[in-house]
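We name chains A, B, ... by the order of the sequence lines, and we start the count at 1 in each one.
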Protein chains: 2
Amino acid sequence: MEDKFQLLKQHFEEIVSLTDEEWNFVQSHFEFKSLKKHQFLIQVGQPVDFEYWIIKGLVKAYSIDEKGKEHILQFAMENYWVSDHCAFQHQEPGTIFVDCLEDSEFFCLSLENREKICFEVPAVANFFRIKSNHGYINLQQRILSLLTMTAESRYEYLLNKLPTLIQRVPKKLIASYLGVSRETLSRFNS
Amino acid sequence: MEDKFQLLKQHFEEIVSLTDEEWNFVQSHFEFKSLKKHQFLIQVGQPVDFEYWIIKGLVKAYSIDEKGKEHILQFAMENYWVSDHCAFQHQEPGTIFVDCLEDSEFFCLSLENREKICFEVPAVANFFRIKSNHGYINLQQRILSLLTMTAESRYEYLLNKLPTLIQRVPKKLIASYLGVSRETLSRFNS
DNA sequence: AGCTAAAAGTGACCTAAATCACTTTTCCAT
DNA sequence: ATGGAAAAGTGATTTAGGTCACTTTTAGCT
């Protein structure tokens, strides 16, 4: 477990510096969780008690429309944060599903604990501020890509940006992430 | 000017508390700027020296594709923050345009000053952390709407969410924000 | 008030991508 | 190794929305 916390510490220290004392305080506010492939981290209608940092593994965050079609909001793997941020922030029932595409391990942070470490340790507030800012920038990029690019060039762009992801995820899920049908994606290529 | 700073202070205090001393320090790191309708706040290829908080007015942030078509990333009005966050964060030349749809006034915050006030005043770091998180959640919503909804229901959804915006903005820009052609939007209705 | 330009509406036609139906391939679990 | 299920590929058809061309309406200016 110590080595896993070490990974998390490195993740923080890529952005901010923490004293040993601060780190011990921060670390004590995380819980460990482990799930097998196909198990759910978050479900629609269920409480969303945590934000999750992924130690290892791969998950998908998605919503299901009236017709039962799955739309993927995010893939998240090692070093990524994932949650139903909206439900988590407002402490409301989940609005999306998050489940494991591989056996996965997480560090879990409750809202109360997050606010506690942010207000106790300013560097942590800055860490999450900067992380959140990066996330915002990424989502803006994705929105622009949805507005300006054809399905095919979004695919090429993704192949280029996250080549490893394609290896780990069935193409039909990539299609759902890009907002294209499985059949159409299969007709592209490359 | 004092009354304008008062508005900004209220904006901060909706999220965090600041002592008078802290506020004076924070305030001193903003510059004032005023622009007329049609003037540019940010242009592609130009340095992006600031993040802007809108005191009054309305702007659009957009990119232009190879065919000369405009794609609106964001509308921003009173109390909103706007910038080319990506270029600003990395101190690179602008990748989008931001211009005024109405005469507008701004408080401008440089990257250096932002980091300074965030590391000097923890409450400010928390303010931006929480703001950024809200922004992230909004963008996730928008992505989901682009993935799951038809153009028409995205329009209805926007009418519902920002009824005031529709009054202030020509429909062709709303179309561009929703990722629909002007003609198609005109055929909806409502 | 009157003139111009931008915005909005509308019809005809076109196209990218969705959907449906089916086949082939790949991946696991026993 | 092998049988079954999930994934991927492919052809035929449909459709939402784009594009083009033109008209009508609205909003700013002087």
Side-chain angles (χ1 to χ4, degrees), chain A residues 36-39 57-58 60 62-72 75 97 99-103 143-159 165-190, chain B residues 35-39 57-60 62 64-72 75 97 99-104 143-159 163-190:
Chain A
K36 296 279 175 204
K37 188 169 171 173
H38 295 130
Q39 290 187 309
L58 176 59
K60 65 176 200 275
Y62 58 101
S63 84
I64 297 200
D65 67 21
E66 329 76 67
K67 289 169 199 145
K69 211 168 120 184
E70 183 175 306
H71 301 273
I72 295 185
F75 292 109
F97 295 94
D99 68 27
C100 300
L101 298 172
E102 301 173 358
D103 297 351
I143 286 172
L144 264 188
S145 80
L146 286 167
L147 291 178
T148 65
M149 297 162 92
T150 64
E152 183 156 15
S153 47
R154 288 204 297 280
Y155 182 47
E156 282 164 17
Y157 179 75
L158 185 70
L159 280 178
L165 185 71
I166 319 291
Q167 257 76 59
R168 292 168 76 175
V169 170
K171 286 226 182 89
K172 67 166 188 173
L173 296 184
I174 302 288
S176 153
Y177 175 85
L178 293 172
V180 201
S181 73
R182 186 184 71 66
E183 293 93 333
T184 299
L185 186 92
S186 154
R187 279 181 249 260
F188 292 158
N189 278 354
S190 70
Chain B
L35 288 179
K36 296 280 174 203
K37 189 169 170 172
H38 296 131
Q39 291 188 308
L58 177 60
V59 305
K60 65 176 199 276
Y62 59 101
I64 297 200
D65 67 22
E66 330 75 68
K67 288 171 201 145
K69 212 168 119 183
E70 183 176 308
H71 301 272
I72 295 186
F75 291 110
F97 296 95
D99 68 26
C100 299
L101 298 173
E102 302 173 359
D103 296 351
S104 305
I143 287 172
L144 264 188
S145 80
L146 286 167
L147 292 178
T148 64
M149 297 163 92
T150 64
E152 183 155 18
S153 47
R154 288 204 298 280
Y155 182 47
E156 283 164 17
Y157 179 74
L158 186 68
L159 280 177
T164 56
L165 186 70
I166 319 291
Q167 257 78 58
R168 293 169 75 175
V169 170
K171 287 226 183 90
K172 67 165 188 174
L173 297 185
I174 301 288
S176 153
Y177 175 85
L178 294 172
V180 201
S181 73
R182 187 184 71 67
E183 294 92 331
T184 300
L185 185 94
S186 155
R187 280 181 248 261
F188 291 158
N189 276 357
S190 51

Detail all sub-3.5 Å separations between protein N/O atoms and N/O atoms belonging to nucleotides 14-17 of chain D.
from, atom 1, to, atom 2, distance (Å)
D:dG17, OP1, B:Ala151, N, 3.1

Within this structure, what is the NZ-to-C1' distance between B:Lys171 and D:dA27, rounded to whole angstrom?
-> 14 Å
Rounded to the nearest angstrom, tell me the gap between atom CD in B:Glu102 and atom P in D:dA27.
-> 14 Å
Heavy atoms under 4.0 Å, any strand shown: does B:Lys67 hit a base, just sugar-phosphate, or nothing?
-> nothing
Which atom pair, heavy atoms only, marks the closest approach of A:Lys69 to A:His71?
-> O-CD2, 3.4 Å
When rounded to the nearest 0.5 angstrom, what is the spacing between CG in B:Asp99 and OG in B:Ser104?
-> 9.5 Å
Respond yes when some side-chain nitrogen or oxygen of A:Lys172 is under 4.0 Å from OP1 or OP2 of D:dA7, and no when none is.
-> yes
Using atom CG of B:Leu101 as one end and atom P of C:dA7 as the other, report the distance to the nearest whole Å.
-> 10 Å
Send over the distance from A:Glu183 CD to C:dC22 C1', rounded to a whole Å.
-> 11 Å
Contacts of B:Phe75 meeting ring pair (Phe, Tyr, Trp, His ring centres under 6.0 Å) (sequence neighbours excluded), chain-then-number -> B:Tyr177
Rounded to whole angstroms, how far apart are NZ on A:Lys69 and C1' on C:dA17?
-> 10 Å
Atom pairs, N/O to N/O, protein against nucleotides 25-30 of chain C, distance under 3.5 Å?
none

B:Leu185 has an atom CG; how far is it from atom P of C:dA7, in whole Å?
-> 14 Å
Under-3.5 Å donor-acceptor pair between A:Arg182 side chain and D:dA7 base = no
Rounded to whole Å, the CD1-C1' distance (B:Ile166 to C:dA7) equals 15 Å
Atom pair CG/CG of B:Leu147 and A:Asp65 - distance to nearest 0.5 Å = 10.5 Å
Between A:Tyr155 and A:Phe188, what is the ring plane arrangement, given parallel below 30°, perpendicular above 60°, and tilted in between?
-> tilted
Closest non-hydrogen atoms of A:Thr150 and A:Ser153, given as atom of the first, atom of the second and distance, are OG1-OG, 3.0 Å
State which residue, out of B:Arg168, B:His38, B:Lys37, fulfils the side-chain hydrogen bond (donor to acceptor under 3.5 Å, both in side chains) condition with B:Glu102.
-> B:Arg168
5' precedence on DNA chain D between B:Arg187 and B:His38 (nearest-nucleotide basis) | B:Arg187
Rounded to the nearest 0.5 Å, how far apart are CZ of A:Arg154 and OG1 of A:Thr148?
-> 8.5 Å
Member of A:Thr184, A:Leu158, A:Ile72 meeting the side chain to side chain contact (heavy atoms under 4.5 Å, CB included) criterion with A:Leu178 = A:Leu158
